[in-house]
J.: 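Shown below is the structure under consideration.
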Amino acid sequence: MRSDLYRASSTRGFRAGTASSTPGSRRAFGALFDKLEYIYRDDPDFDAFRALLRAHVIRIWPLAAGEPLLGQPLEERLVHSLLSASQETKIVPGLLDALLTEAGVFAEGDQRLPSRKLFDARIHADLLDEIAIRVGPKAMRDGIGAT
């Protein structure tokens with residue numbers, strides 16, 4: 001059984017993002033993640049390794065606060081992707097990308113997929129809050145009765 005876990009931890013399993021286009025995909029770590037999450041979840045022999053993997057994952061995947069990870073809910077979001085920020089703020093990815101690029105979060109011409117454009121959620125929390133309450137052109141036209 002333990003040899004299964006060793007095989008699951010091969011470098012093949014650590015090429016994050018190769019198994020899916022979503023960086024948060026648990027498939028990025030292959031069978032290693034599944035075994036730690038389900039088979040060995042309550043095995044204290046793996047507590048230290050689970051903690052190490054968890055500490056790494058929360059710094060590289062856009063996981064929301066409260067989302068379970070290796071048996072523990074995430075206390076706060078540390079990383080956003082353009083996609084997760086778009087879903088959270090309810091602003092379409094294209095517009096949010098332009099606003100975040102203008103604010104210097106992303107470099108001009110950054111062509112990564114929305115799920116791959118990652119940024120620090122804590123550092124940019126106030127910016128996202130501000131963007132979310134801005135009034136867009138359609139709402140402004142509707143508000144003043146213009147066509």
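These numbers were taken from a predicted model, which means no experiment stands behind them.
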J.: With sequence neighbours left out, write down each residue that passes side chain to side chain contact (heavy atoms under 4.5 Å, CB included) with R112, or none if nothing qualifies.
T.: F106, D110, R116, K117
J.: Output the distance between atom CG (L82) and atom CG (D97), rounded to the nearest 0.5 Å.
T.: 5.0 Å
J.: Test your reading of the model: is there a side-chain donor-acceptor pair from R54 to the backbone of G71, 3.5 Å cut-off?
T.: no
J.: Not counting sequence neighbours, which residues clear side-chain hydrogen bond (donor to acceptor under 3.5 Å, both in side chains) with R41? List them please.
T.: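 Testing R41 for side-chain hydrogen bond (donor to acceptor under 3.5 Å, both in side chains), a comparison that skips the adjacent residues, returns E37.
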J.: Quick check for you: to the nearest 0.5 Å, what is the distance between L113 atom CG and L83 atom CG?
T.: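 Answer for the CG-CG pair, L113 versus L83, is 9.5 Å.
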J.: Using salt bridge (charged side-chain N to carboxylate O under 4.0 Å, His left out) as the criterion, list what pairs up with D120, not counting sequence neighbours.
T.: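 For D120, no residue satisfies salt bridge (charged side-chain N to carboxylate O under 4.0 Å, His left out) once neighbours in sequence are set aside.
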J.: Go through the structure and list residues passing side chain to side chain contact (heavy atoms under 4.5 Å, CB included) with L95, not counting sequence neighbours.
T.: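 By the side chain to side chain contact (heavy atoms under 4.5 Å, CB included) rule, L95 matches I91, V92, L99.
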J.: State, to 0.1 Å, how close P62 and S81 come at their nearest heavy-atom pair, and which atoms those are.
T.: CB-N, 3.6 Å
J.: Return each pair, listed once, that meets salt bridge (charged side-chain N to carboxylate O under 4.0 Å, His left out) where at least one residue sits in residues 84-95; pairs must be two or more places apart or across chains.
T.: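 Sorted result for residues 84-95: R77-E88.
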J.: Just wondering, do V105 and I123 contact through their side chains at under 4.5 Å, heavy atoms?
T.: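 Of all side-chain heavy-atom pairs linking V105 with I123, none is under 4.5 Å.
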J.: Would you give the length of the straight line joining atom CD1 of I39 to atom CG of L36, rounded to the nearest 0.5 angstrom?
T.: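 Atom-to-atom, I39:CD1 and L36:CG are 9.5 Å apart.
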J.: Can you check side-chain contact (heavy atoms from CB on, under 4.5 Å) on E130 and D126, steps first, answer last?
T.: CA-CA 6 Å; E130 179 186 328; D126 291 341; over 6 Å; no
J.: Which pairs pass ring pair (Phe, Tyr, Trp, His ring centres under 6.0 Å) with one or both residues in residues 64-94, sequence neighbours excluded?
T.: H80-F119
J.: So for atom CG, which belongs to D42, do other residues, nucleotides or ligands contribute more than 12 heavy atoms lying within a distance under 6.0 Å?
T.: no
J.: Kindly write out the residues that satisfy side chain to side chain contact (heavy atoms under 4.5 Å, CB included) with S86, not counting sequence neighbours, or none if the list is empty.
T.: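 So S86 forms a side chain to side chain contact (heavy atoms under 4.5 Å, CB included) with P93, L96.
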J.: Does any part of the side chain of L118, heavy atoms only, come nearer than 4.5 Å to the side chain of I60, both counted from C-beta?
T.: no
J.: To the nearest 0.5 Å, how far apart are CZ in R122 and CG in L78?
T.: 4.5 Å
J.: Work out which heavy atom in A64 is nearest to a heavy atom in L74; give both atom names and the distance.
T.: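 Shortest heavy-atom contact: O-CD2, 3.5 Å.
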J.: Among residues at least two apart in sequence or on other chains, which ones pass side-chain hydrogen bond (donor to acceptor under 3.5 Å, both in side chains) with E76?
T.: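 Scan of E76 (side-chain hydrogen bond (donor to acceptor under 3.5 Å, both in side chains), adjacent residues dropped) gives none.
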J.: How long is the straight-line distance from OG1 of T89 back to CZ of R134, given to the nearest 0.5 Å?
T.: 11.5 Å
J.: Who passes side chain to side chain contact (heavy atoms under 4.5 Å, CB included) against A65, sequence neighbours left out?
T.: none
J.: Is there side-chain contact between L70 and F33, with at least one heavy-atom pair below 4.5 Å?
T.: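 Side-chain contact under 4.5 Å: yes.
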